[in-house]
Colleague: 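Okay, here's the structure, questions in a sec.
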Amino acid sequence: MAQITLVEAVNLALARALQDDESVVVLGEDVGTDGGVFRATQGLLGRFGPERVIDTPLAEALITGMAIGMAVEKLRPVAEMQFAGFGYATIDQILNHAGRMRHRTQGRLSCPMVLRMPCGAGIHAPEHHSESPEAIYAHIPGIRVVYPSSPRRAYGLLLAAIRDPDPVVFLEPTRLYRLFKEEVSDDGQAAPLDVCYTLREGTDITLVSWGGMVPETLAAADALAEEGIAAEVMDVATVKPLDMDAILASVARTGRCVIVTEAPRTCSIASEIAAGLAEDGLLTLLAPVRRVTAYDVVVPLPRLEQHYMPGKARILEAAKNVLAFG
Amino acid sequence: MTIVAKFEIRYSQYLDPEGKLVQSPPGFARDPKELIPLYRWMALMRAYDAKAIALQRTGQINTFASLLGHEAIQAAIGTAMDADDVLLMTYRENGIQLIRGVTLKELFVYWGGDERGSNFSGPRKDFPICVTIAAHVTHAVGAAYAMRLRGEKRVAVCVLGDGATSKGDFYEGINAAGVWKLPLVFVVANNQWAISVPRSAQSASETLAQKAVAAGFEGLQVDGNDVIAVRDAVDRALAKARSGAGPTLIEAITYRLSDHTTADDASRYRDPEEVKAAWKLDPVARLRAYLGACGVWDKAREEKLLRECGEEVQAAAQAFLDMPAPGAEQMFDHMYATLPAALAAQRAQALADREE
């Protein structure tokens with residue numbers, strides 16, 4: 001087994017999917033000859049040819065719209081938005097068509113497509129290159145929103161997304177693309193969708209996160225452990241549909257919960273989880289739930305990025321606040 | 001100075017507004033009897049349209065988009081396509097759907113506000129009605145790409161309105177279709193009005209057909225009230241697409257003889273004199289006049305046909321009205337291939353609420 005980065009794991013999963021299923025195609029801006037601006041599609045053009053690894057014109061609505069047309073016509077398109085900030089132009093297609101095709105035709109047609117989007121802040125990128133849009137997509141019926149936090153999970157979840165019979169928005173945290181390596185076996189095994197992953201077991205507090213904030217959350221759990229506090233860390237992984245049962249079960253054991261996301265606070269996935277805990281887990285809670293989020297502001301240009309993103313310190317502060325209650 | 005590009009847009013017409021041949025007809029129309037099936041479809045469309053409006057006015061279906069004036073375009077496309085081709089269309093193309101095997105009842109079910117109307121029995125691979133303007137142009141690109149990738153001889157036919165050619169999705173879609181030389185036929189049913197905005201205020205382009213030229217493929221204009229001209233153009237475009245020679249855009253010039261939908265009142269923005277003049281171009285009367293002059297159609301045949309069409313739409317409307325309403329589970333059961341656990345509780349709630 002090789003030690004690889006998250007972006008290499010994405011590449012490995014794409015190659016595996018193209019190899020195993022001739023209906024899989026990859027399309028997007030610069031995904032062919034250039035191998036993608038992050039090199040997520042590097043080498044695929046040479047192995048699978050320009051008919052299946054498609055450099056499209058610079059047109060986001062086209063990319064998503066044609067992926068819908070391909071999926072309805074029984075291909076398995078994996079389309080790339082070069083950055084999530086450019087994906088907003090195609091929400092019409094995702095919301096009005098991808099998420100509705102199966103329902104609109106009462107199962108006659110379906111839309112098995114994946115829309116990959118690099119996202120998240122922390123790489124000193126220009127404007128529109130640091131968005132965290134998972135809550136926007138999670139509000140759309142009929143789709144899945146998946147957000148891996150490690151190379152192994154990226155490989156397994158991307159294969160699952162490609163094989164899923166319904167549309168999936170697959171968010172890839174750019175900050176983690178090359179942050180660390182992990183052993184990933186190219187065994188073609190998909191990881192389950194629609195479930196949370198428990199990354200670390202603990203009895204004192206539940207820390208819930210996903211995507212790019214997971215390493216910070218694990219670091220906070222390490223710091224808590226040094227103080228003798230056992231934090232359970234959950235990676236939501238599929239933010240839509242949300243595995244609320246797993247979070248409720250964890251909080252039923254720990255009684256305390258902090259939810260961590262780098263997306264703006266209002267109507268965030270953190271809000272959704274907090275609401276679920278209030279509705280169905282209130283009597284198990286020993287303290288108020290805390291959300292650690294970005295602020296409700298525009299993602300700043302790089303000089304203020306570190307002030308915008310929540311980090312280990314803010315997670316620890318919230319955790320201690322929750323632990324000190326009652 | 002050097003001229004680096006030049007183009008011309010050709011316009012074709014076989015039948016003038018009086019139903020007289022202005023040039024020798026193409027092969028399929030040499031025997032006027034061959035046009036009778038097209039005329040029958042056009043008559044059925046008109047009977048369907050009138051019935052749908054009556055059902056809406058009496059509260060039995062919801063907002064309906066009339067196809068009045070589009071009959072020649074739709075009869076031409078519907079009869080030209082192969083069963084295995086794929087149609088991508090707007091809400092105003094019910095006539096093409098009928099010819100392709102969607103039933104009158106299914107169309108009433110759709111306009112009656114029930115998703116089952118898009119789970120039609122006939123052309124199972126045809127896309128459902130696309131309500132958002134021009135989004136389906138990009139879907140057509142993807143569908144045509146899939147067909148070509150598999151080496152199939154199928155064609156995607158994308159029908160849109162003049163208003164749709166103002167949208168980004170249209171430009172993005174035709175641009176890509178040109179780049180990849182896809183097996184695609186675009187038919188722009190130019191009925192002169194995007195709800196209340198006239199053609200002159202939509203685009204400064206001399207023709208809509210020439211937008212295809214910018215995308216690198218052939219655009220042409222036809223008289224959209226002349227079924228022979230439209231059918232000839234669609235036949236040629238389909239054959240070209242099937243042979244691998246790429247897409248064509250046909251701008252079929254017609255007029256929206258109806259309001260935009262039953263929720264619209266076109267008298268707010270249209271001169272009644274303009275509508276009156278447009279009725280002189282009526283595609284149904286034009287073909288009838290031609291068939292009559294050729295001696296293959298007469299009053300008795302006409303009366304019999306109208307009676308049959310009337311009975312057919314009446315029976316379909318009754319079948320729709322007799323259909324039980326869908327259960328609340330319909331909202332959930334096809335959202336995903338398998339209902340996610342998180343939605344199961346909401347489904348149970350909806351069913352419980354319904355029973356209360």
Side-chain angles (χ1 to χ4, degrees), chain A residues 22-23 25 27 51-52 54-75 77 79 89-90 92-93 95-97 99-110 112-113 141-144 164-167 193-195 238 240-245 276, chain B residues 86 88 114-121 124-132 134-150 152 154 156 158 167-169 171-180 182 326 330-343 345:
Chain A
E22 65 177 17
S23 68
V25 295
L27 64 150
E51 295 288 312
R52 294 180 66 203
I54 309 158
D55 270 326
T56 66
L58 205 169
E60 283 82 11
L62 166 78
I63 294 166
T64 305
M66 77 178 275
I68 291 168
M70 288 170 149
V72 170
E73 259 296 329
K74 310 289 184 207
L75 292 184
T90 81
D92 169 51
Q93 290 286 359
L95 203 164
N96 284 324
H97 297 288
R100 292 180 188 225
M101 198 58 79
R102 181 185 292 281
H103 172 72
R104 180 185 287 151
T105 61
Q106 289 294 290
R108 180 171 65 83
L109 302 175
S110 61
M113 60 176 279
I143 68 167
R144 284 188 161 75
D164 192 78
D166 291 303
L193 299 174
D194 301 0
V195 295
T238 301
K240 162 80 173 255
L242 189 59
D243 180 12
M244 199 60 217
D245 287 347
Chain B
V86 159
L88 300 100
D114 186 337
E115 310 282 5
R116 288 177 294 182
S118 292
N119 184 11
F120 34 76
S121 47
R124 299 286 292 170
K125 292 176 183 168
D126 279 5
F127 280 58
I129 288 171
C130 182
V131 178
T132 63
H136 67 310
V137 176
T138 63
H139 306 163
V141 171
Y145 194 102
M147 293 168 182
R148 199 191 53 184
L149 183 67
R150 288 190 293 254
E152 298 166 349
R154 298 162 64 208
C158 180
K167 289 217 32 166
D169 282 7
Y171 286 108
E172 293 190 16
I174 62 167
N175 180 60
V179 169
W180 293 316
L182 293 176
Q330 193 196 76
M331 293 193 289
F332 296 90
D333 289 351
H334 296 287
M335 281 309 304
Y336 296 88
T338 308
L339 192 71
L343 256 183

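Letters A, B, ... are given to chains in the order of the sequence lines, protein chains preceding strands, and every chain is numbered from 1. Remember, it's a predicted structure, so these values are computed and weren't measured experimentally.
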Colleague: Quick check on B:Phe127 against chain A: is it the side chain, the backbone, both or neither that has a heavy atom closer than 4.5 Å?
Modeller: both
Colleague: Tell me, side chain or backbone of A:Leu109 under 4.5 Å from chain B's heavy atoms, or both, or neither?
Modeller: side chain
Colleague: Using non-hydrogen atoms only, which part of A:Ile63 is less than 4.5 Å away from chain B: side chain, backbone, both, or neither?
Modeller: neither
Colleague: Which bit of B:Met331 is near chain A, if near means a heavy-atom gap under 4.5 Å: side chain, backbone, both or neither?
Modeller: backbone
Colleague: Please look at A:Gln93 and chain B and tell me whether the side chain, the backbone, both or neither of the residue comes under 4.5 angstrom of a heavy atom of that chain.
Modeller: side chain
Colleague: Checking A:Thr64 against chain B: side chain, backbone, both or neither under 4.5 Å from a heavy atom?
Modeller: neither
Colleague: Quick one: does NZ or CZ of A:Arg102 land under 6.0 Å from the six-membered ring centre of B:Tyr336, within 45 degrees of the ring axis?
Modeller: no
Colleague: Quick check on A:Asp245 against chain B: is it the side chain, the backbone, both or neither that has a heavy atom closer than 4.5 Å?
Modeller: neither
Colleague: Would you compute the distance between atom CD1 of A:Ile68 and atom NE2 of B:His136 and round it to the nearest 0.5 angstrom?
Modeller: 13.0 Å
Colleague: Side chain, backbone, both or neither: which part of A:Ala61 has a heavy atom under 4.5 Å from chain B?
Modeller: both
Colleague: Chain B heavy atoms under 4.5 Å from A:Ser110: which part of the residue, side chain, backbone, both or neither?
Modeller: neither
Colleague: Under a 4.5 Å heavy-atom cutoff, which of A:Pro167, A:Ser23, A:Pro57 has the most pairs with chain B?
Modeller: A:Pro57
Colleague: Determine the option with the most heavy-atom pairs under 4.5 angstrom with chain B, choosing from A:Gly142, A:Pro165, A:Ala59, A:Gly99.
Modeller: A:Gly142
Colleague: When you measure from the side chain of A:Arg144 to the backbone of A:Pro241, do you find a donor-acceptor pair of N or O atoms at a distance under 3.5 Å?
Modeller: no
Colleague: Could you tell me whether B:Asp114 and B:Arg116 make a salt bridge, using a distance below 4.0 angstrom between a side-chain N and a carboxylate O?
Modeller: yes
Colleague: Under 4.5 Å from any heavy atom of chain A, what part of B:Val137 do you find: side chain, backbone, both or neither?
Modeller: neither
Colleague: For the interface with chain A, which of B:Ala140, B:Ala146, B:Cys130, B:Ala144 has the highest count of heavy-atom pairs at distances below 4.5 Å?
Modeller: B:Ala146
Colleague: Using modelled atom types only, decide if a donor and an acceptor are shared between the side chain of B:Glu115 and the backbone of A:Gln106 within a distance under 3.5 Å.
Modeller: no
Colleague: For B:Phe332, what residues pass the side chain to side chain contact (heavy atoms under 4.5 Å, CB included) criterion, not counting sequence neighbours?
Modeller: B:Leu339, B:Leu343, B:Gln346, B:Arg347, B:Ala350
Colleague: OG1/B:Thr138 to CG/B:Leu88 distance, rounded to the nearest 0.5 angstrom?
Modeller: 9.5 Å
Colleague: At a heavy-atom separation under 4.5 Å, does B:Ala337 approach chain A through its side chain, its backbone, both, or neither?
Modeller: both
Colleague: Between A:Arg104 and B:Pro128, which heavy-atom pair has the shortest distance, and what is it?
Modeller: CD-CG, 3.5 Å
Colleague: If you draw a 6.0 Å radius around CD in A:Glu22, do more than 12 non-hydrogen atoms from other residues or ligands fall strictly inside?
Modeller: no
Colleague: Side chain, backbone, both or neither: which part of A:Lys74 has an atom under 4.5 Å from a heavy atom of chain B?
Modeller: both
Colleague: Could I get the full list of salt bridge (Lys or Arg N to Asp or Glu O under 4.0 Å) partners for A:Glu73, not counting sequence neighbours?
Modeller: B:Arg150, B:Arg154
Colleague: Looking at A:Met101, A:His103, A:Met244, A:Met70, which one has more heavy-atom pairs under 4.5 Å with chain B than the rest?
Modeller: A:His103
Colleague: For the residue pair B:Trp180 and B:Tyr145, does the interplanar ring angle fall in the parallel (under 30°), tilted (30 to 60°) or perpendicular (over 60°) class?
Modeller: perpendicular
Colleague: Heavy atoms only, distances under 4.5 angstrom: which of A:Thr105, A:Asp92, A:Ile143 has the most pairs with chain B? Name it, please.
Modeller: A:Thr105
